[in-house]
Trainee: 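This is the structure I want to talk about, given as structure tokens.
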Amino acid sequence: MQHQPKQRHFDFTRFGAIGRGLLVGLLSGIVVSIFRFSIEKGLKLVQWVYGQIVQTPWLVLPWLVISLAVAIFIGLLVKQLPDIKGSGIPQVEGQLAGELDYAWWPVLWRKFVGGILGIGSGLFLGREGPSIQLGATIGQGFAETTHQTGADRRSLIAGGAAAGLSAAFNAPIASTLFVLEEVYHNFSPIIWTTALASAIAANFVSLNFFGLVPVLHIPYATNLPLSQYGNLIGLGVFLGVFGYLYQNVTLAMPSWYSRLRLPSWLDGVVPFLLIIPIGLLWPKLLGGGNAVILNIAAITPALLPLIGIFVLRFVFSTLSYGSGLPGGIFLPILSLGAILGAIYAQSMVAIGWMPASFVSNFIIFAMAGYFAGIGKAPFTAILLITEMVGTLHHLMPLAVVSMTAYLVVDLLGGAPIYEALLEKLTQPKLPEHSGVQDRLEIPIFEGAAFEGHQVRDFKWPKESLLIAIRRGERQVIPHGDTLIRAGDTLIILTDRSNRAWVRHQIDQLNVSPT
């Protein structure tokens, strides 16, 4: 009996995802590169203005009027559309989780204009969060234009988010991992292929704008010897404690602003006024912190000036972000980490526990550790600093510091900063019915309540239907006696409006005893 050869069917699903991702990445790369370029030019202009005011003091009066006008204008943009507040990362995370949604074009142009005016004015805000939201809105707009819905729409939003961060920092691999680890919380094949394609395309555009030199290229004398690894643990603990402090102050800042009795959309006036004396006295400290990191690494100040710089940037970065102005905390976190690394290293040098030649190394390590602790995303932190600094020689020290800081924040009870910010933006939803079906993907990790149990052992939400279990490269059609294993991804069908509610119900099943 002859066996007929099986016909080979080509699956172009991922090719289509990559193609769409490349287009979104190119568009996002252009928009975010212009955004980044405008901010850099704006910051240079502001620093020049402060130099002129020092020479001609009466110019402070018209500058005060201009600053107030800009603050009020940005406040009006925020009042019209609150979705542009802050970094934008919690909003994108909420979109992908189904907890909130918004129209893409009004957010895109307001975030673009408000971000340039706010960050370019010298406030201690980062460009990366707005860049992520700008990219995500471009992905959303592309999805609407090409009539993509459901999972395809989410993949384009996630791809745009990765492209935005990639163009902001020239770090495509870390940008992809950030979206998977911190924003989407799932290593879905379609999501990561789309995000990586978008990030690479956006990085290519950004490199044409800004050149091949890494964003935070910090020269160092030599690799850290094993005899200094004890100091890595000390640095990680130091960063974890201050990371937990940063989380709590940042989350509490909106309630502190509410005591001013100002309309919330005018809170931005406070940092715009307070930045003026800082600009007059220390113009080189203005901005998100990119130049601050490079300057401290090139010529590290003494211990007392470093502590003063840290206190100033810590207080004013939380004041800037807490006001609700469009701007991120990503780069300010990295700059604070660099300063803390310099403080720790200079302290160790002063007591004779470290040679001075390793100070720049610890500045690099501390950026990763501080972000890993605050964002609870150690993999992203390690890869991000590796790409931004432009060397692979620091992987082991970066991992030690990041893991230590992460564990310290975890022991203290700190939550991932972007998830905590998202919780403040959203209210728990009740079941709704839009009539449009959508899929929800739930990854099963080691130790989860679902692991090792059969499907019938759980009372699934009535608004959901478990239609498949993805196990490696294949999909299993589940039955009542199907065993759920660690590493599986549950594919659940539900109403589009119920995705967030169903996820919340299933998450409760997955952590509570059955």
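Numbers here are sequence positions counted from 1.
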Trainee: Which heavy atom of Gly236 sits nearest to which heavy atom of Val408, and what is that distance?
Mentor: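 Reported closest heavy-atom pair: O-CG2, 4.4 Å.
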
Trainee: Taking atom CG of Leu262 and atom CG of Asp267, what is their separation to the nearest 0.5 Å?
Mentor: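 Going from CG on Leu262 over to CG on Asp267, the span is 6.0 Å.
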
Trainee: Is Pro214 close to Asn170 at the side-chain level, that is, under 4.5 Å between some pair of heavy atoms?
Mentor: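 Sidechains of Pro214 and Asn170: no contact.
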
Trainee: Given side chain to side chain contact (heavy atoms under 4.5 Å, CB included), test Leu207 with Phe209 step by step and report yes or no.
Mentor: CA-CA 5 Å; Leu207 290 175; Phe209 269 80; over 6 Å; no

Trainee: Can you tell if the side chain of Asn290 reaches within under 4.5 Å of the side chain of Leu334, non-hydrogen atoms only?
Mentor: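 A side-chain contact is absent here, since even the closest heavy-atom pair is not under 4.5 Å.
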
Trainee: Can you name the ring-ring contact (aromatic ring centres under 6.0 Å, His included) partners of Phe124, sequence neighbours left out?
Mentor: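 Scan of Phe124 (ring-ring contact (aromatic ring centres under 6.0 Å, His included), adjacent residues dropped) gives Phe316.
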
Trainee: Which distance, rounded to the nearest 0.5 Å, do you find between the CG of Leu77 and the CG of Leu117?
Mentor: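 So the CG of Leu77 and the CG of Leu117 are separated by 8.0 Å.
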
Trainee: So, the side chain of Ser198 versus the backbone of Gly21: is there a donor-acceptor pair under 3.5 Å, distance only?
Mentor: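 Judged by distance alone, yes, a pair lies under 3.5 Å.
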
Trainee: Using 0.5 Å steps for rounding, measure from the CD atom of Glu419 to the CD atom of Glu93.
Mentor: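 Answer rounded to 0.5 Å: 5.5 Å.
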
Trainee: Minimum heavy-atom separation for Thr300 and Ala342, please, with both atom names.
Mentor: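 Reported closest heavy-atom pair: CG2-CB, 4.1 Å.
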
Trainee: Got a second to check how far Glu128's CD is from Ile89's CD1, nearest 0.5 Å?
Mentor: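 Nearest 0.5 Å value for the CD-CD1 distance: 6.0 Å.
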
Trainee: Report the residue from Val292, Leu294, Ile299 that forms a side chain to side chain contact (heavy atoms under 4.5 Å, CB included) with Ile296.
Mentor: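 Per the side chain to side chain contact (heavy atoms under 4.5 Å, CB included) rule, the option paired with Ile296 is Val292, out of Val292, Leu294, Ile299.
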
Trainee: Check for a donor-acceptor pair, side chain of Ser166 on one end and backbone N or O of Ala199 on the other, with a separation under 3.5 Å.
Mentor: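 Here the side-chain-to-backbone pair exists.
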
Trainee: What's the verdict on side chain to side chain contact (heavy atoms under 4.5 Å, CB included) for Leu306 and Phe310, showing C-alpha distance, side-chain angles and the deciding distance?
Mentor: CA-CA 6 Å; Leu306 279 172; Phe310 175 77; over 6 Å; no

Trainee: Taking salt bridge (charged side-chain N to carboxylate O under 4.0 Å, His left out) as the test, write out the residues that go with Glu40, two or more places apart.
Mentor: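 By the salt bridge (charged side-chain N to carboxylate O under 4.0 Å, His left out) rule, Glu40 matches Arg36.
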
Trainee: Checking the side chain of Ser206 only, and the main-chain atoms of Ala167 only, is there a donor and an acceptor separated by less than 3.5 Å?
Mentor: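 Between the backbone of Ala167 and the side chain of Ser206 there is a qualifying donor-acceptor contact (under 3.5 Å).
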
Trainee: Using a distance-only test with no angle check, is there a side-chain donor-acceptor pair under 3.5 angstrom linking Asp101 and Gln95?
Mentor: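 The answer is yes; a qualifying pair exists.
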
Trainee: Determine, using ring centers only, whether Phe178 and Phe330 are less than 6.0 Å apart.
Mentor: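 For Phe330 and Phe178, the ring centres are under 6.0 Å apart.
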
Trainee: Test: side-chain hydrogen bond (donor to acceptor under 3.5 Å, both in side chains). Region: residues 106-118. Which pairs qualify, not counting sequence neighbours?
Mentor: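 Checked against side-chain hydrogen bond (donor to acceptor under 3.5 Å, both in side chains) - neighbours excluded - the pairs reaching residues 106-118 are Gln80-Arg110, Lys111-Gln133.
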
Trainee: From Leu285 CG over to Leu312 CG, what is the distance, rounded to the nearest 0.5 angstrom?
Mentor: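 Separation between the atoms: 6.0 Å.
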
Trainee: Taking Arg127 for its side chain and Ile119 for its backbone only, find out whether a donor-acceptor pair lies under 3.5 Å.
Mentor: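 No.
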
Trainee: Is the count of non-hydrogen atoms from other residues, nucleotides or ligands lying under 6.0 Å from Met388 atom CE greater than 12?
Mentor: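 Correct, the count exceeds 12.
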
Trainee: Would you list the atom pairs, donor with acceptor, under 3.5 Å between side chains in residues 44-69 and any protein atom, with sequence neighbours excluded?
Mentor:
| residue | atom | partner | partner atom | Å |
| --- | --- | --- | --- | --- |
| Gln47 | NE2 | Pro283 | O | 3.0 |
| Tyr50 | OH | Trp63 | NE1 | 3.2 |
| Ser67 | OG | Trp63 | O | 2.9 |

Trainee: Quick one: does any side-chain atom of Glu387 pair with a main-chain N or O of Ile173 as donor and acceptor, under 3.5 Å?
Mentor: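 Confirmed, Glu387 side chain pairs with Ile173 backbone.
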
Trainee: Looking at side-chain heavy atoms only, is the closest gap between Trp192 and Val179 below 4.5 Å?
Mentor: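 No - every pair of side-chain heavy atoms lies 4.5 Å or more apart.
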
Trainee: Do Tyr370 and Val401 come close enough that some side-chain heavy atom pair is under 4.5 Å?
Mentor: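 No, their side chains stay 4.5 Å or more apart.
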
Trainee: Backbone N or O of Ser320 within a donor-acceptor pair of the Ser323 side chain at under 3.5 Å?
Mentor: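 Checked: pair present.
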
Trainee: Is there a donor-acceptor pair under 3.5 Å between the side chain of Arg313 and the backbone N or O of Leu286?
Mentor: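 Between the backbone of Leu286 and the side chain of Arg313 there is no qualifying donor-acceptor contact (under 3.5 Å).
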
Trainee: Kindly give the heavy-atom pair with the smallest separation between Gly126 and Pro130, and that separation in Å.
Mentor: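 Where Gly126 meets Pro130 most closely, the heavy atoms are O-CD, 3.5 Å.
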
Trainee: So Met348 and Leu235, do their side chains get closer than 4.5 Å, heavy atoms only?
Mentor: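 With C-beta onward as the side chain, the pair stays apart.
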
Trainee: Pair up each side-chain donor or acceptor in residues 239-258 with any protein partner under 3.5 Å, not counting sequence neighbours, and list the distances.
Mentor:
| residue | atom | partner | partner atom | Å |
| --- | --- | --- | --- | --- |
| Tyr244 | OH | Leu412 | O | 3.4 |
| Gln247 | NE2 | Ile374 | O | 2.9 |
| Gln247 | NE2 | Ala415 | O | 2.6 |
| Asn248 | ND2 | Tyr244 | O | 2.7 |
| Thr250 | OG1 | Tyr246 | O | 2.8 |
| Ser255 | OG | Ala252 | O | 2.6 |
| Tyr257 | OH | Leu319 | O | 2.7 |
| Ser258 | OG | Ser255 | O | 2.4 |

Trainee: Between Leu232 and Thr404, is there a side-chain heavy-atom distance shorter than 4.5 Å?
Mentor: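 Heavy-atom side-chain distance check fails, nothing below 4.5 Å.
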
Trainee: Val32 vs Val205, test: side chain to side chain contact (heavy atoms under 4.5 Å, CB included). Steps then yes/no.
Mentor: CA-CA 10 Å; Val32 173; Val205 174; over 6 Å; no

Trainee: Please lay out, stage by stage, how Val349 and Phe358 fare under the test side chain to side chain contact (heavy atoms under 4.5 Å, CB included).
Mentor: CA-CA 9 Å; Val349 170; Phe358 296 130; over 6 Å; no

Trainee: For residues Leu22 and Ala197, report the shortest heavy-atom separation together with the two atoms involved.
Mentor: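 Closest heavy-atom pair between Leu22 and Ala197: CD2-O, 3.5 Å.
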
Trainee: In terms of heavy-atom contacts, does CZ of Phe210 have more than 12 from other residues, nucleotides or ligands at under 6.0 Å?
Mentor: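 Result for CZ/Phe210: enclosed.
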
Trainee: Look only at the side chain of Ser155 and the backbone of Asp152, and say whether a donor-acceptor pair between them is shorter than 3.5 Å.
Mentor: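 Yes.
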
Trainee: Write down the atom of Ala372, the atom of Tyr406, and the distance for their closest heavy-atom approach.
Mentor: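 That would be O-CD1, 4.0 Å.
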
Trainee: By ring-ring contact (aromatic ring centres under 6.0 Å, His included), which residues pair with Phe362, not counting sequence neighbours?
Mentor: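 Scan of Phe362 (ring-ring contact (aromatic ring centres under 6.0 Å, His included), adjacent residues dropped) gives Phe365.
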
Trainee: Would you say CZ of Phe379 has more than 12 non-hydrogen atoms from neighbouring residues, nucleotides or ligands within 6.0 angstrom?
Mentor: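 Result for CZ/Phe379: open.
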
Trainee: So do the side chains of Phe371 and Thr380 get within less than 4.5 Å of each other, counting heavy atoms only?
Mentor: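 The answer is yes, as the side chains (C-beta and beyond) meet within the 4.5 Å cut-off.
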
Trainee: As an exercise, state the distance from CG of Leu43 to NZ of Lys41, rounded to the nearest 0.5 Å.
Mentor: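 Here the rounded value is 11.0 Å.
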
Trainee: Compare every heavy atom of Pro326 with every heavy atom of Ile74, then report the nearest pair and how far apart it is.
Mentor: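 That would be CG2-CD, 3.5 Å.
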
Trainee: Does any part of the side chain of Ser347, heavy atoms only, come nearer than 4.5 Å to the side chain of Leu303, both counted from C-beta?
Mentor: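 They are in contact (side-chain heavy atoms under 4.5 Å apart), so the answer is yes.
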
Trainee: Check for a donor-acceptor pair, side chain of Ser402 on one end and backbone N or O of Ala399 on the other, with a separation under 3.5 Å.
Mentor: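 Looks like no, no N/O pair under 3.5 Å.
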
